[in-house]
Amino acid sequence: MLVRAGAAAAATATTLPGLRRLWRGGGNGWNGAAACFPLGRALLDVRGAEAALLLQGLLTNDVTRLVAGDGPPPGAAALPRALYAHALNVQGRCLYDVILYRLHENPEEEPRILLECDSGVLDAIQKHLKLYKIRRKVNITPCLDLSLWAVVPGERAGDVAGSLAKCADQALISTPDPRTEVMGWRLITKKGANLSEIIPGSQIGNIQDYHRHRYKQGIPEGVKDLPPGVALPLESNLAYMNGISFTKGCYIGQELTARTHHMGVIRKRLLPVQFLAPLPRDSIPEGAEILTESGKSAGKFRSGGGDLGIALLRLANINEPLCLNIAGDKVKLTASIPEWWPKPASK
């Protein structure tokens, strides 16, 4: 059954002006219609009576919110269409960043959840899920017939939310990005769908512009930004991006994450960085060190393109002059706090 977009559209319509303002300020030069970016990420169909139960024990967020019985009580907020989460290892480090989408409407229907992940770890995450599946009634299959899009409204985009609501029969899922409103919408269609019919006046955007927007806003996505077995969820701003529940109960990797949260001490975070000159392509070693003016380590570079990137930095050093050491050459950079972060910053 198709997921209808009306409730999600209404919930997000009032946030679009702020999103457009941030998008115009992002240095991407996109001031026109809505930009639809084809994402190279993979989708898994996790289907069955115990699908949510399986994912609940493996992910940081409360998956039961996607399949909460007969829906919310009167007056309560609508159930989310999508959730952001990380799958952690037993040491509490990130293995996979995922977005979950509810693909069923009624409690009588068989639960179906689409899981979005980095395409490079599709096989690995299937094996991970099947390892813990044991005898649960769950089927896990890749969705090779679906396309995943990011939709970011431009200055003259019009009512994107309304367009998505009207074309729910052509969009399998359309929902605000669950991480933060500055990332616009996530859209899932059948392969070959005509985006200009779903969002009149929209244009297919260059995927590099999408990544520049992510970097400008400090949004990590995929294994380059979140190295498996290395990245820590709270340093990766998981709590800021609505990706973790501290009340859901046990899941793999919970102990270290909960302890860090309750201690309230997070000394490093992923932050957007900007370079004085565009970076040379494919010449920056993974985890290259970022230094202060005095030569002290301030953090590590994760990924980037052109003059923008994302880096794990010590908060104590972000207002100092910084540089990236590339083959003996020091490339100067500046770090910034994203506008969408909570104010004042919470844990």
Side-chain angles (χ1 to χ4, degrees), residues 22-23 26-28 37-42 84 86-88 93-99 116-122 124-125 148 150 152 177 179-180 182-184 205-238 240-241 243 268-291 297-315 317-318 322-327 329-338 340-341:
L22 286 168
W23 178 244
N28 302 285
F37 300 100
L39 303 179
R41 289 174 53 92
Y84 179 58
H86 286 184
L88 309 181
R93 295 181 181 271
C94 179
L95 289 176
Y96 316 109
D97 64 306
V98 303
I99 297 179
E116 171 195 331
C117 64
D118 188 308
S119 58
V121 297
L122 176 61
I125 199 167
L148 175 67
V152 180
D177 191 305
R179 297 171 294 184
T180 167
V182 302
M183 292 307 295
N206 186 322
I207 192 63
Q208 295 307 317
D209 284 338
Y210 170 76
H211 291 307
R212 282 181 59 83
H213 181 54
R214 281 201 307 106
Y215 297 143
K216 187 73 176 180
Q217 302 301 335
I219 304 291
E221 189 174 282
V223 296
K224 287 187 177 180
D225 298 346
L226 301 165
V230 175
L232 288 166
L234 298 185
E235 289 183 350
S236 304
N237 304 321
L238 186 64
Y240 289 0
M241 294 188 289
K268 294 182 287 184
R269 286 192 180 273
L270 281 182
L271 290 163
V273 294
Q274 184 162 12
F275 297 88
L276 295 183
L279 294 173
R281 288 190 176 184
D282 304 322
S283 63
I284 305 174
E286 188 173 325
E289 196 164 34
I290 294 176
L291 306 172
S297 175
K300 294 185 181 297
F301 182 73
R302 286 284 174 79
S303 66
D307 62 341
L308 298 173
I310 192 167
L312 181 69
L313 295 172
R314 297 182 188 279
L315 296 176
N317 299 127
I318 62 174
L322 301 173
C323 66
L324 182 64
N325 195 342
I326 305 176
D329 294 329
K330 293 184 177 181
V331 181
K332 293 183 178 180
L333 63 94
T334 57
S336 60
I337 300 293
W340 60 268
W341 275 20

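Not measured: the values here are computed from a predicted model.
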Point to revise | Least distance between heavy atoms, Pro38 atom then Ile207 atom | key: O-CD1, 3.5 Å
Point to revise | Residues Arg212, Asp307: salt bridge by 4.0 Å N-O rule | key: yes
**Study point:** Side chain proximity check, Phe37 to Gln208, heavy atoms < 4.5 angstrom
**Key:** no
Practice item. Verify, without hydrogens or angle tests, whether Asn237 (side chain) and Leu270 (backbone) share a donor-acceptor contact under 3.5 angstrom. Key: yes
Practice item. State the CD1-CG distance between Ile290 and Leu271, to the nearest 0.5 angstrom. Key: 9.5 Å
Exercise for review: Using a 4.5 Å cut-off on heavy atoms from C-beta on, say whether the side chain of Arg302 contacts that of Pro227.
Suggested key: yes
Point to revise | Between CD on residue Gln274 and NZ on residue Lys332, distance to nearest 0.5 Å | key: 15.0 Å
Practice item. For Arg179, enumerate each residue passing the salt bridge (Lys or Arg N to Asp or Glu O under 4.0 Å) test, keeping only those at least two apart in sequence or located in another chain. Key: Asp177, Glu221
Exercise for review: Give, for atom CZ of Arg214 and atom NE2 of His211, the distance between the pair rounded to the nearest 0.5 Å.
Suggested key: 5.5 Å
Review point. With sequence neighbours left out, what residues match Tyr215 under ring-ring contact (aromatic ring centres under 6.0 Å, His included)?
Key: none
Exercise for review: Nearest 0.5 Å please: distance from the CD atom of Glu235 over to the CZ atom of Arg314.
Suggested key: 9.0 Å
**Study point:** Mutual orientation of the aromatic rings belonging to Tyr240 and Trp340 [parallel < 30°, tilted 30-60°, perpendicular > 60°]
**Key:** perpendicular
**Study point:** For Ala298 against Leu322, the heavy-atom pair lying closest together
**Key:** CB-CD2, 3.8 Å
Review point. So, for Ala335 and Leu313, which heavy atoms are closest and what is the spacing to 0.1 Å?
Key: CB-CD1, 3.5 Å
